[in-house]
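If you read the sequence from its start, that first residue is 1, and numbering goes on from there.
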Amino acid sequence: MSQGEHSAGMGGGAALALCAVLFVASAFFAVAPAYGPGFDEYLGDQVYGERSLAFLGTGDGRWLDLYDEPPALLARPGRPELAARAEQLEAPHVHGHLAAIVAAASCRVLTDGLGWLPAIEAYHAANLVFLLPLLVALLLVVRGTLGTGAAWLTLLFLAAQPRLVGHVLGNTKDVPQVGLFGLSLLAAWHAWSRGSTRWLLVSAALWGSALSVKINAVFLPVILAVWWWLFARGVAPVEQRSGAAAAGRRGAWKLWLRLAGTALLAYVASWPLLWRHPQAWWRHVQFIIGQGHTGTTRFDLSNLRDWLAATPELVLAGVLLGAWFGFRERDGRRRALLGLCAIWLAIPLARANLPGFRHYDGIRHVLEITVPTAVLCAHGWLTVAARVGAAPRAALLGALVLASLWTLGRTHPFQLAYFNTVSGGLAGVMAGGHRDAGDYWGASYRRGSRWLNENAPPGAVLAVPWAEHLVRLSQGSAFGPRTDITLLPLVEPLAYDEVQGFDVYAEALQRGPVYVMFVTRGRSEGAVTRHAAEHGEQVYPDGAWDGVRLLNIYRVESAP
């Protein structure tokens, strides 16, 4: 196809984007009730987002004194998580609060204002604010460069990556960074394509905003620099605007200063804590540098292995095909876009395997690579389909669609536990001792709480020996356990004394039965879970997936 054929019909591109937006938004709200809060969301994000939003609404700087105890007036009926104590929260300088502010605003509108959704669903709906613009930009860029078929397949292969889908439904830390990260790169692509300085400034602003969500975005300029050197500098832009040309003549250094200033302004503007406590930035830097010395002292390929194991085989095959065909592509613009996607995929993975970098929670810390993965996969399979006859082409594309939809449906609602068949599946990976295999964020506690509300007797006693804060800070809400259920104080979210927790559990068993609820994950096991499994009765009927029980609820009567 010619470039004109690819980019013809703006109406067609708008229709494609609108269909994608409606599909993703509808699917999100249809399945969101299955997901509770993720482990990190109650460690500060909700409190800091609400306080920052209160400051923006009132101008009262005391709301930004985030190192102080959360004020009592922050808590509201049905929002027990806002009553978290200061010692239950991460320090406010660990990462920026832009995503948390948007999520708090989503709760104000969808829960407090309209009453449409429980708070946790409204909170997670903030992901759509970052994801849907990325989808629109991505599909328009892919359609204009690789064709409409590639754009549709890109959407399909985004949905075919279970880990991405799972995080979209329950992770307001990494998904907003994926959206801003991708939008910044696509804005830079558009700036190069049109020779536009204005779009470079947009890209810089998006990059600064991404940095205020998560520090991973600091590597984005490296992606652009490598891409420019390898793929873009020899290809003429579609349109050379006078403003960009004039900026080049005045000196590139002035442009770089404008870009740096724009990024810095966006970074500070999207993190209100820095307005009242600018010293928090240096504490943030010190924290990040300290984190960089907590990993191994050698190259660690576990993140690469996790990506290979947690991505469906047909997607991995498509990525290899897409990279190969992209390398052989002769059209300069098509090759430039595929090259950008290849580097967008490679550099975050390489960064995650460097000495000093910690690896945990599967591919959560490189989640931005799922976007270029989908583009490369779409191009790879579409190129194969174009080289065969009509009947084999229809069969191949039909099989890809069915396989992707099957994967999407089969993994619900345990997408974060997905491992492909080649890796041994979830059971094989868990047998190998993988520390993050399972429901590693405890999002299924919402389903367990629902079962307890329907089946536990009045005044029941509950022990949650891992991620107890997800249950305690949900109790009494629309997605937590009943208030008459007594939750034993076994564990704090940021500190765990296993001996003390077991003593509390053992003492409670002297008085009567105890329900023990926990997710299956290597790091969640301890004395309480072992005792419950050995001496209790498994009463929860619906916690298994892929041959492994991921959510457990035992009723224990035998005291140690």
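In this structure R410 satisfies the salt bridge (charged side-chain N to carboxylate O under 4.0 Å, His left out) test together with D546, sequence neighbours excluded. The side chain to side chain contact (heavy atoms under 4.5 Å, CB included) check on L201 picks up R258, L259, T262, with sequence neighbours excluded. In terms of the salt bridge (charged side-chain N to carboxylate O under 4.0 Å, His left out) criterion, R549 has no residue partners (sequence neighbours excluded). With sequence neighbours left out, the side chain to side chain contact (heavy atoms under 4.5 Å, CB included) criterion links A263 to A204, W207. Residues meeting the side chain to side chain contact (heavy atoms under 4.5 Å, CB included) test with V129, sequence neighbours left out: V102. With sequence neighbours left out, the side chain to side chain contact (heavy atoms under 4.5 Å, CB included) criterion links L321 to F325, W381, V384. Scored by the salt bridge (charged side-chain N to carboxylate O under 4.0 Å, His left out) test, D542 finds no partners at all (sequence neighbours excluded).
Contact of the L316 side chain with the N420 side chain is registered, since non-hydrogen atoms from C-beta on lie closer than 4.5 Å. Taking the side chain as every heavy atom from C-beta outward, E329 and W324 never approach each other to under 4.5 Å. Side chains of R393 and L382 form no contact here, defined as non-hydrogen atoms less than 4.5 Å apart. Under the 4.5 Å side-chain criterion, counting only non-hydrogen atoms from C-beta, I369 is not in contact with I363. Side-chain contact between H284 and I215 is present, with heavy atoms from C-beta onward closer than 4.5 Å. A heavy-atom distance below 4.5 Å is not found between the side chains of W545 and D439. Side-chain contact check for H124 versus V168: every heavy-atom pair is 4.5 Å or farther apart. A heavy-atom distance below 4.5 Å is not found between the side chains of R194 and W199.
Remark: the backbone N or O of H93 is not paired with any side-chain donor or acceptor of R283 at under 3.5 angstrom. Judged by distance alone, with hydrogens and angles left aside, the side-chain atoms of E90 form no donor-acceptor pair with the main-chain N or O of L43 at under 3.5 Å. In this structure a side-chain-to-backbone donor-acceptor pair under 3.5 Å is missing from D361 to R364. Formation of a donor-acceptor pair under 3.5 Å by the T411 side chain with backbone atoms of L408 is found in this model.
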*Could you go through the side chain to side chain contact (heavy atoms under 4.5 Å, CB included) check for V375 and L340 one step at a time?*
CA-CA 10 Å; V375 178; L340 175 61; over 6 Å; no
_side chain to side chain contact (heavy atoms under 4.5 Å, CB included) evaluation trace for L139 with W152_ = CA-CA 8 Å; L139 295 178; W152 279 114; over 6 Å; no
*What's the verdict on ring pair (Phe, Tyr, Trp, His ring centres under 6.0 Å) for Y48 and W271, showing C-alpha distance, side-chain angles and the deciding distance?*
CA-CA 11 Å; Y48 298 147; W271 195 352; over 10 Å; no
*Report the C-alpha distance between H95 and F287 in whole Å, list the side-chain angles of each, state the deciding distance to 0.1 Å, and finish with yes or no for ring pair (Phe, Tyr, Trp, His ring centres under 6.0 Å).*
CA-CA 9 Å; H95 57 84; F287 171 80; 8.9 Å; no
_Using the rule given for side chain to side chain contact (heavy atoms under 4.5 Å, CB included), can you reason through L308 versus S423, listing the C-alpha separation, both sets of side-chain angles and the distance that settles it, and then say yes or no?_
CA-CA 8 Å; L308 294 174; S423 67; over 6 Å; no
*In sequence, state the C-alpha distance, the side-chain angles, and the governing distance for L338 and F327, and then conclude on side chain to side chain contact (heavy atoms under 4.5 Å, CB included).*
CA-CA 8 Å; L338 295 168; F327 177 76; over 6 Å; no
_ring pair (Phe, Tyr, Trp, His ring centres under 6.0 Å) between H434 and F419, intermediate numbers included_ = CA-CA 11 Å; H434 195 298; F419 286 93; 5.5 Å; yes
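Judged as a side chain to side chain donor-acceptor pair (under 3.5 Å), the pairs with a partner in residues 27-40 (not counting sequence neighbours) are, in order, Y35-H412, Y35-Q415, D40-K173. The side chain to side chain donor-acceptor pair (under 3.5 Å) pairs that include a residue from residues 162-172 are E41-T172, H167-N171, H167-Y440, N171-D174, where partners are two or more places apart or lie in different chains. Annotation: salt bridge (Lys or Arg N to Asp or Glu O under 4.0 Å) contacts involving residues 123-135, sequence neighbours excluded, are absent. Residue pairs meeting the salt bridge (Lys or Arg N to Asp or Glu O under 4.0 Å) criterion with at least one partner in residues 304-324, sequence neighbours excluded, are absent.
Distance check, rounded to the nearest 0.5 Å: CH2 of W466 to OG1 of T529 gives 12.0 Å. Here the CZ-CD distance, from F157 to Q161, works out to 9.5 Å after rounding to the nearest 0.5 Å. To the nearest 0.5 Å, atom CG of residue L206 and atom OG of residue S184 are 5.5 Å apart. Atom CG of L367 is separated from atom CZ of F181 by 11.5 Å, given to the nearest 0.5 angstrom. Put simply, CD on E121 and CG on L169 are 10.5 Å apart, with the number rounded to the nearest 0.5 Å. For the atom pair CD1 of I101 and OG of S106, the computed distance is 13.5 Å after rounding to the nearest 0.5 Å.
Residues L426 and A417 approach most closely at CD1-O, 3.4 Å, considering heavy atoms. Residue A103 comes nearest to Y123 through the heavy atom pair CB-CE1, 3.2 Å, listed as atom of the first residue, atom of the second, then distance. The two residues L183 and P133 make their nearest non-hydrogen contact at CD2-O, 3.6 Å. In this structure, A385 and L397 approach most closely via the heavy-atom pair CB-CD2, 4.1 Å. Here the closest non-hydrogen pair linking R143 and T148 is NE-OG1, 3.1 Å. Considering every non-hydrogen atom in both L273 and H97, the closest pair reads CD2-CE1, 4.1 Å.
Taking the six-membered ring where the residue is Trp, W227 and W189 present tilted rings, their angle falling between 30° and 60°.
Side chain to side chain, S209 and S270 fail the donor-acceptor criterion of an N or O pair below 3.5 Å. No hydrogens or angles considered: a donor-acceptor pair under 3.5 Å links the side chains of S474 and Y42. Counting only N and O atoms by type, the side chains of T520 and N552 include a donor and acceptor under 3.5 Å apart.
The 12-atom threshold is exceeded at CZ of F29, counting heavy atoms of other residues, nucleotides or ligands nearer than 6.0 Å.
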Determine all donor-acceptor pairs shorter than 3.5 Å in which one atom belongs to a side chain in residues 341-351; sequence neighbours excluded.
from : atom 1 : to   : atom 2 : distance (Å)
W344 : NE1    : E368 : O      : 3.3
R351 : NH2    : H365 : O      : 3.1

